[in-house]
Protein chains: 2
Amino acid sequence: MSAVRSRRNPINPASNTAAEQRVECRKCALFRICLPKNVDSKDLAALDAIIIRHKPASRGQFLYKSGDRFAAIYAVRSGSVKTYRSDDQGNEQICGFHLPGEMIGLDGIVGNRSTSSARFLDTAAVCEIPYHKLEDLLLQIPQLQQELTRLLSREIVVGQWQLSLLGRKKADERVAALLCNIADRLQQRGYSPSDFNLPMSRADIGNFLGLTIETVSRVLSRFQKERLIQVTGKRITLLAPAELRRLAAHDSLH
Amino acid sequence: MSAVRSRRNPINPASNTAAEQRVECRKCALFRICLPKNVDSKDLAALDAIIIRHKPASRGQFLYKSGDRFAAIYAVRSGSVKTYRSDDQGNEQICGFHLPGEMIGLDGIVGNRSTSSARFLDTAAVCEIPYHKLEDLLLQIPQLQQELTRLLSREIVVGQWQLSLLGRKKADERVAALLCNIADRLQQRGYSPSDFNLPMSRADIGNFLGLTIETVSRVLSRFQKERLIQVTGKRITLLAPAELRRLAAHDSLH
DNA sequence: CGGGGGGTTGATGAGTGTCAATACCTGTGG
DNA sequence: CCACAGGTATTGACACTCATCAACCCCCCG
């Protein structure tokens with residue numbers, strides 16, 4: 001067990017000392033897109049005060065596990081995280097790859113335990129927002145309330161997008177859609193949308209897209225052969241983003 | 001255009017007159033599972049007052065359409081509703097089938113317009129909850145706030161379930177999973193879990209499950225041949241629910 | 001009686017999963 | 001610095017699931 005929870009956490013014993021952890025929300029590079037973006041500056045201190053800013057942890061670490069008692073939601077601060085749910089037999093279905101500025105753990109609210117697990121894809125750091133404290137603030141800060149609700153709603157919309165990905169698209173369309181989606185999200189965050197690292201393994205991609213490793217690999221190779229992308233391991237360069245987008249938008253069934 | 005919105009609605013001109021529409025939440029059969037279930041009785045009147053109880057409308061009617069300005073969320077009161085999103089080319093991906101007591105329209109919150117459309121699968125009635133009025137109440141009724149948040153979170157969990165359905169399961173497992181899921185939800189609502197009507201067409205089932213009509217039909221026929229179910233048109237009888245459940249839980253990939 | 005929509009069943013082939021062999025990459029220890 | 005091991009990715013051959021196309025049935029409605 002190697003969870004990065006606030007209490008009883010061996011790798012992060014001194015949560016409030018390291019300088020890095022002093023970065024207030026308003027000074028955080030992700031402020032514009034993160035939970036507190038619409039909170040009045042007068043209320044920001046209160047929110048800031050409940051947030052636990054974790055140090056970076058390494059690839060493979062668990063942030064939380066399916067079945068864990070729900071205690072907090074998390075914002076990715078750096079690196080990337082995958083969330084997945086596993087069934088009785090231990091099989092996994094990846095639910096999402098999460099980049100800096102995105103919130104995770106929202107599925108735990110309803111049942112008081114998480115239905116999914118979260119693991120770091122690379123060296124990554126999160127901000128932990130204890131939920132019972134957040135609930136108190138929601139009552140006092142309407143904008144925060146509103147922003148949380150929007151966040152949840154957005155998560156639903158993303159889920160719908162994923163449904164049409166898995167329900168209606170062929171292998172190459174799925175891969176193209178994922179590449180475009182990641183490119184878009186990177187661009188929102190100020191990174192290059194045409195040249196980036198895929199933080200996850202081929203197995204993760206395949207799992208997320210409902211494909212096998214081999215199919216993912218073949219599609220990427222074909223895209224490369226067709227001069228749509230340049231692949232070198234995890235490094236991806238989009239050579240023909242427009243064409244990829246066309247592919248991604250295509251609806252193959254029926 | 002035949003939307004059942006509160007304003008400018010031809011089929012429902014007198015929203016506040018029909019006796020049927022006087023059923024208060026606390027007297028509604030769905031009270032235990034619907035939005036107001038945890039609201040204090042003292043606060044219930046205020047919530048009751050903003051709810052618009054629509055008369056039943058007939059199969060095929062739109063409740064809202066993708067792109068509509070977001071103004072309300074809806075609770076299904078009777079009948080059933082499908083929600084779906086459609087892409088540029090007009091192709092649809094069904095996002096869910098919704099039974100009495102379930103809320104829909106939550107995806108519209110984030111962008112101020114709905115990303116999906118909703119249509120009645122049979123004669124169905126909804127309660128409309130104007131969102132700007134609901135927002136006012138959220139500030140005054142913490143339990144309502146909490147319940148809405150849980151609702152949104154539940155929706156996310158349901159989405160994750162659907163992901164594993166489409167991502168990891170074979171045709172027969174998907175069909176079995178859908179049958180079991182509907183059976184469960186009917187049971188929660190006090191109906192027979194082993195003998196029910198599928199309100200949606202085979203095309204809808206196929207679309208939802210990422211399969212073709214023909215495959216759905218074949219799987220149902222095979223299930224019947226194997227004495228797992230009894231099919232007569234839309235009428236389904238589960239003969240071996242345990243075996244169906246085993247199938248539904250099975251994870252085929254890898 | 002005819003027409004049309006929805007559902008079933010059959011034949012066939014495309015797309016992707018499966019299995020297997022090989023290459024590559026990364027970190028570890030000598 | 002190199003060798004090695006273990007995981008990760010690529011590529012190929014084959015099999016199987018499910019989509020496609022087509023014919024037909026059934027039932028409801030005009």
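Remember, it's a predicted structure, so these values are computed and weren't measured experimentally. Each chain gets a letter, A, B and so on, in the order the sequences are listed, and its residues count up from 1.
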Can you give me the N/O atom pairs linking the protein to nucleotides 23-30 of chain D at distances under 3.5 Å, or say none if there are none?
none

Between [atom2] on [N] and [atom1] on [X], what's the gap in Å once rounded to a whole number?
X: A:Leu198; N: D:dA9; atom1: CG; atom2: P; value: 10 Å
X: A:Leu209; N: C:dT16; atom1: CG; atom2: C1'; value: 14 Å
X: B:Lys170; N: C:dT18; atom1: NZ; atom2: C1'; value: 10 Å
X: A:Lys169; N: D:dA19; atom1: NZ; atom2: P; value: 16 Å
X: A:Asn207; N: C:dG17; atom1: CG; atom2: C1'; value: 15 Å

Exercise. Does A:Lys234 place a side-chain N or O at less than 4.0 Å from the phosphate oxygens OP1/OP2 of D:dA9?
Worked result: yes

Exercise. The helix from C:dC1-D:dG30 to C:dG30-D:dC1: angle between its terminal axes, five pairs each, to 10°?
Worked result: 30°

Mind listing the side-chain donor-acceptor pairs of residues 154-163 of chain B below 3.5 Å, one per line with the distance, residues two or more places apart or on another chain?
residue: B:Gln160; atom: OE1; partner: A:Thr115; partner atom: OG1; Å: 3.1
residue: B:Gln162; atom: NE2; partner: B:Cys95; partner atom: O; Å: 3.1

Exercise. How does each nucleotide of nucleotides 10-15 of chain D score, in 5' to 3' order, for protein heavy atoms under 4.0 Å: base (B), sugar-phosphate only (S), or none (-)?
Worked result: BBBB--

Exercise. For the residue pair A:Val76 and A:Leu30, what are the closest heavy atoms and their distance?
Worked result: O-CD1, 3.8 Å

Problem set entry | Minimum heavy-atom distance B:Leu238-B:Ala183, with the two atoms named | CD1-CB, 3.9 Å

For this session: Report the residues that fulfil salt bridge (charged side-chain N to carboxylate O under 4.0 Å, His left out) with B:Glu92, sequence neighbours left out, ordered by chain and then residue number.
Result: none

Problem set entry | ring pair (Phe, Tyr, Trp, His ring centres under 6.0 Å): pairs with one or both residues in residues 203-245 of chain A, sequence neighbours excluded |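 Qualifying pairs, neighbours excluded: A:Phe97-A:Phe208.
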
